[in-house]
Engineer: 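Take this structure first; my questions come after.
Throughout, a chain's letter reflects where its sequence line sits, starting with A, and its residues are numbered from 1.
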Amino acid sequence: MSLWQYANPVKFMALSGRVLPTLTVLSACLLITGLIWGFFFTPDDYQQGSTVKIIFLHVPAAMMAINAWVMMLVASLIWLVRRHHVSALAAKAAAPIGITMTLIAIATGAIWGKPMWGTYWAWDPRLTAFMILLVFYFGYIALWSAIEDSDMAADLTSILCMVGSVFALMSRYAVNFWSQGLHQGASLSLDKEQHVHDAFFYPLMICIIAFILLFITLVLLRTRTEIRLRRASALVARGAK
Amino acid sequence: MSLKVENLTLTRGGRTILSDVNFSAPAGACLILRGENGSGKTTLLKTLAGLLPVEAGTFHAPDEEIAYSGHLDAIKAQLTVRENLRFWAGIYDASNMDAVANTLSLSDLMDRVAGTLSAGQRRRLGLARLFLTGAKIWLMDEPTTSLDGHTTKLVAALIADHCAQGGSAILSTHVDLDIPKAQTLDLTEFAPTADQPSADPFLAGDYT
Amino acid sequence: MIALLRRDIVLAFRSGGGFGLTLGFFLILVMFVPLGIGSDADILARIAPGILWIGAILSCLLSLERIFQIDYEDGALEALATSPIPLEGIAAAKAMSHWITTGLPLTLVAAPLGYLLSLPADLYGWLIASLLCGTPALSFIGTFGAALTVGIKRGGLLLSLLVLPLYIPTLIFGAQTVTRASVNLPATSALMILAAISLFSIVVMPFAAGLALRAALK
């Protein structure tokens, strides 16, 4: 018995089918608790007023935007090394969720930025890094949808994910270098986590855990859909023969 | 120098196409693959050439003794015949370029731009690559498509010559080639039977 | 590999090879800048490094699709894949010939085009050095992108979408080298990082491209 047995579609479907209801309820409860606590039962910041409360959406979404890519990278490597179909499909399933998280992070950041910096968008290194992450997601999803053969698509997207990770990381640091060059920077830093007050800390943690569970729920759900799609096309192919 | 195929099973997109293929091609043998479209001729040839992965089973042949020629000629229309030949000679580190050009009666065409060649001349230039590889075992996918009767005969004669000199050839074709001592291998006998369990992991189980 | 390199260079210069197209595109792009934003020499001089780098990247993008597509369509790639040369070697030779027919000429014409954009005289050295150090990365990364999309019909647009994000670090350090030099900041560090990115791409990308080709030829 090993963890790898769940890489088998049948086993995966059985297990994910069993845990999904619990996960769904749990992530919904935590999300509601965390957000209500964060929005209504925390004090206003003395500098930022109530605008600071968008942190409860912004920070978890930004974290999951990056974590989703890391999960795709791990799943891609598993596919390349061990050829588990479920792994490749899980990576495929995670990409649209990752891109949504990235968009939520950028959108909430813009809404937060308007009252704080007086602008929806500035070419701050962190904002730029998220924009870059967004285009990497675009490329990954586009490559999946461009290739007919599912195994070949899994191979090529996995390779892209691997190489893309290296260059995304490189871009992240390149952007820091570039921004210094333009003498912007420190005043627009988004490093709020370090200064976060205790009253904000607990609801924020709940929101972060809720987003992690939400992500897992959505990935499982979408992977199940992808498996069913593959099964359907395999059945059609067998019928056509 | 012989090619030996044992219990080879091939799949394409999760679907088993051929199962338990067994045959051997000793030196001097010419094997003609038969079977309708989709019966796995191209898949088998590509697998033997090392372009496709093997699902199960084995085949034995040293890599450097295998030369593969697909549907297309791999000719650059902007280059002259000589440049085309010199390129492939460079790739295979071959020194017999002029001899090959002679054998395929390309010597008079050497300075012609390949784009101006007739279909038969193009095919000869394409086949020249197989000679340049120096490999003994030729894998040829439809070597005579879109050729007239005369050129088809010429190609058949070249293959027969190659086999007579101790080489071997495995080829797929729809037309009858006049090659003495050629054996036929019907791939339909290796088609998977309906009751065989599928290799596709997504067909297993009973979830919906 | 030498044979492949030589053939690809010859093909690029023969009719329909696309060598002239790249340079023509670069010229038109640079010409569009003053037409679009006005001919003020001060503004042009300030944005010239960025424009020249973006122009070089876009011109380079034009010829990426040809790297494997033509060989794929006429069967030569399949034949090469079964030849004694490993796919990694094929990718490296292709990237090298792409650089010789694209990156190198772009570097050479960048200086006169810089003059058209009123680039200050003391920056030509930095511009040429940055392009010389950076364009190999463009070719090797681009070859990887071309390998990913080799089996896709009309994959040109997709290729751009895949490759351009990978060009971000090269663009940043390339343009920064010249920009920093223009405001009297130390530019050597940017140039060194740029060269490091190129060396990294030269070493790693042929392997990634070989992996992609192997998957795409199945």
Engineer: Heavy-atom distances under 4.5 Å only: say whether C/L211 touches chain A with side chain, backbone, both or neither.
Structural biologist: both
Engineer: What part of C/A190 is in contact with chain A, defined as an atom under 4.5 angstrom from a non-hydrogen atom: side chain, backbone, both or neither?
Structural biologist: both
Engineer: Does any heavy atom of chain A fall under 4.5 Å from the side chain of C/L158, the backbone, both, or neither of them?
Structural biologist: side chain
Engineer: Can you tell me how far the CG atom of C/L161 sits from the CD1 atom of A/I141, to the nearest 0.5 Å?
Structural biologist: 10.0 Å
Engineer: Decide yes or no on salt bridge (Lys or Arg N to Asp or Glu O under 4.0 Å) for A/D155 and C/K218, but give the supporting numbers first.
Structural biologist: CA-CA 11 Å; A/D155 277 340; C/K218 271 182 199 164; 3.3 Å; yes
Engineer: For chain A, which residues from residues 121-144 of chain C have at least one heavy atom closer than 4.5 Å to it?
Structural biologist: C/I141, C/F144
Engineer: Just checking A/R83: does its CZ atom have more than 12 heavy atoms from other residues, nucleotides or ligands closer to it than 6.0 angstrom?
Structural biologist: yes
Engineer: Restricting to non-hydrogen atoms, name the atom on C/P169 and the atom on A/A174 that form the minimum distance, rounded to 0.1 Å.
Structural biologist: CA-CB, 4.1 Å
Engineer: Out of A/I132, A/L143, A/V135, return the one with the most heavy atom pairs under 4.5 angstrom to chain C.
Structural biologist: A/L143
Engineer: Show, in sequence, the C-alpha distance, side-chain angles and deciding distance for A/V163 and C/M205, and conclude whether the side chain to side chain contact (heavy atoms under 4.5 Å, CB included) test is met.
Structural biologist: CA-CA 9 Å; A/V163 174; C/M205 294 324 262; 3.5 Å; yes
Engineer: Report yes if some heavy atom in the side chain of A/F138 is under 4.5 Å from a heavy atom in the side chain of C/P165; otherwise report no.
Structural biologist: no
Engineer: Find out whether C/R180 and A/F177 are in side-chain contact, i.e. whether some heavy atom of one side chain is under 4.5 Å from a heavy atom of the other.
Structural biologist: yes
Engineer: Find the distance between CD1 (C/I197) and CZ (A/F167) and round it off to the nearest 0.5 Å.
Structural biologist: 7.5 Å
Engineer: Taking atom CE of A/M131 and atom CD1 of C/I168, what is their separation to the nearest 0.5 Å?
Structural biologist: 10.0 Å
Engineer: Hey, what do you get for CG (A/L156) to CD1 (C/I152), rounding to the nearest 0.5 Å?
Structural biologist: 7.0 Å
Engineer: By a 4.5 Å heavy-atom criterion (distance strictly below it), what part of C/I193 contacts chain A: side chain, backbone, both, or neither?
Structural biologist: side chain
Engineer: Please classify the contact of C/F200 with chain A as side chain, backbone, both or neither, using a heavy-atom distance under 4.5 Å.
Structural biologist: side chain
Engineer: To the nearest 0.5 Å, what is the distance between OG1 (C/T179) and CH2 (A/W178)?
Structural biologist: 12.0 Å
Engineer: For C/L157, I'd like to know if atom CG has over 12 heavy atoms of other residues, nucleotides or ligands within 6.0 Å.
Structural biologist: no
Engineer: Checking C/L148 against chain A: side chain, backbone, both or neither under 4.5 Å from a heavy atom?
Structural biologist: both
Engineer: Rounded to the nearest 0.5 Å, how far does CG of C/L213 lie from CD1 of A/I159?
Structural biologist: 9.0 Å
